[in-house]
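Note that the structure is predicted; figures quoted are calculated from it, not measured. Just so we're on the same page: letters track the sequence lines, and every chain starts at 1.
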Amino acid sequence: MKITENGKNTLINELKDFDLEQTLECGQCFRFYKLDKEEYVIVAKNKMLHIKQDENQLIFYNTSKEDVENIWINYFDLDRDYNEIKEYLLKKDNKLESAIKEKYGVRILNQDFHEVLISFIISQNKQIPQIKQVVKRISEQYGEYLGDVNGEKYYSFPNPEKLGEITEEAFREMKSGFRAPYLYDASQKLASGEINEELFANLNEEDGRELLKSIKGVGDKVANCVLLFGLGYRNAFPIDVWIKRIMEAIYFGKETSKEEIQKFASNHYGEYGGYAQQYLFCFGRDAKIGTKTDKKKKSDNKK
DNA sequence: TCCCAGGTAGATC
DNA sequence: GATCTACATGGG
């Protein structure tokens, strides 16, 4: 991986194990806007980033080398050896082989804790495009203007202090539905500092999860997403409808409780549970594994 | 019209 | 404890 400046832009060359589209479009973040193939505007870390991938090169438009080195390398998790992760997982069994091959370029983003918490509270019982809509509304109304690309304006996700100003009613008006009281509770706890990132420094996965679950509307699944995507707990293994279906299809062959899947994942994948989950989620959701469409396809094939 | 969505809280047994 | 259901909103 080599970083060079090119006028106003900064380039990273010799990328390995990275694909921008796969990383953004696999449901871990919600502030990305597609401009073209492998070209996006991303809002994160209080910044707006116009970025494009061209084979093994990443182009950061209007971005300094300092920002790439200090912010974006970490955000995209580019300073981690994913080859080692893949080898570890493939050594466990061959079930992950097609997922890792197909989704070779997925990385787990290092996002801001408060944004992940709010975003995944919204995510419950909602589809990804709709989650994006609500997060966008919150940002437009309570975030700061960051700039525009092609005439489209972009706003930061509000910081914890600003989140504390949003009433339950206001959350409802932004179409968060029944999640409004949950969002209000989380925002108040973030603003007051009752819940803050530093608290997790001395907590293991289990204790961290319990702390998160003290927030209304945060259960096991949302807590695990926050641990994995916002707090760096790479062993967290969120189980949603997709992961449940996928795990049942490739490991169990029958309907299996979340508790049982959780135990299995913890024993089987260990410290790399989060990566396994992400490869499986991206791959399985694309292939619609375990859904009606998938089952129909299989029965059609038998004919 | 009905069903489902990266679930969770509260009720009921 | 394990299951059942209501919860807003939007799209297929």
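- Checked for salt-bridge contact, R172(A) and E168(A) meet the test: a charged N lies under 4.0 Å from a carboxylate O.
- Listed pair R172(A) / dA8(C) meets the phosphate criterion, a side-chain N or O lying under 4.0 Å from OP1 or OP2.
- When heavy atoms are screened at a 4.0 angstrom cut-off, E259(A) is found touching no nucleic acid atom at all.
- Following rounding to the nearest Å, I246(A) (CD1) and dG6(B) (P) show an atom-to-atom distance of 12 Å.
- If you take CZ of F178(A) and P of dA6(C), they are 13 Å apart, rounded to a whole angstrom.
- Residues Y182(A) and Q278(A) both approach DNA chain B. Their nearest nucleotides, taken by heavy-atom distance, put Q278(A) toward the 5′ side.
- Looking at heavy-atom distances under 4.0 Å, G217(A) makes contact with sugar-phosphate atoms alone, never a base.
- Residue-level contact check: V218(A) touches the backbone only, with heavy atoms under 4.0 Å from sugar-phosphate atoms and none from bases.
- By the 30° and 60° cut-offs, the orientation of the rings of Y269(A) relative to Y251(A) is perpendicular.
- Following rounding to the nearest Å, I121(A) (CD1) and dA5(B) (P) show an atom-to-atom distance of 21 Å.
- Following rounding to the nearest Å, F283(A) (CZ) and dG6(B) (C1') show an atom-to-atom distance of 18 Å.
- Look at CZ on F281(A): it is 12 Å from P on dA5(B), rounded to the nearest Å.
- Two residues, K216(A) and C225(A), neighbour DNA chain B, and the one matched to the more 5' nucleotide by heavy-atom proximity is C225(A).
- A stacked arrangement is not assigned to F120(A) and the six-membered base ring of dG6(B), the conditions of a centre distance below 5.5 Å and an interplanar angle below 30° not being jointly met.
- Contact check, R179(A) against dA6(C): no side-chain N or O comes under 4.0 Å of OP1 or OP2.
- Taking the C1' atom of each, dA9(B) and dG10(C) are spaced 23 Å apart, rounded to whole Å.
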**OP:** Verify side-chain contact (heavy atoms from CB on, under 4.5 Å) between L212(A) and N224(A), making sure each step is shown before the conclusion.
**Re:** CA-CA 9 Å; L212(A) 288 168; N224(A) 281 328; over 6 Å; no

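- Nucleic acid contact for C26(A): base, since at least one base atom lies under 4.0 Å from a heavy atom of the residue.
- There is a side-chain donor-acceptor pair under 3.5 Å between R234(A) and Y275(A).
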Original post:
Checking salt bridge (charged side-chain N to carboxylate O under 4.0 Å, His left out) for the pair E260(A)/K263(A): CA distance, chi angles, key distance, verdict?
Top reply: CA-CA 5 Å; E260(A) 197 174 331; K263(A) 267 186 215 161; over 6 Å; no

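- Each of dG6(B), dA8(C), dT8(B) was ranked by its minimum atom distance to the side chain of N125(A); first place goes to dA8(C).
- In this structure, Q277(A) atom CD and dG6(B) atom P are separated by 13 Å, rounded to whole Å.
- Residue-level contact check: P238(A) touches the bases, meaning some heavy atom is under 4.0 Å from a base atom.
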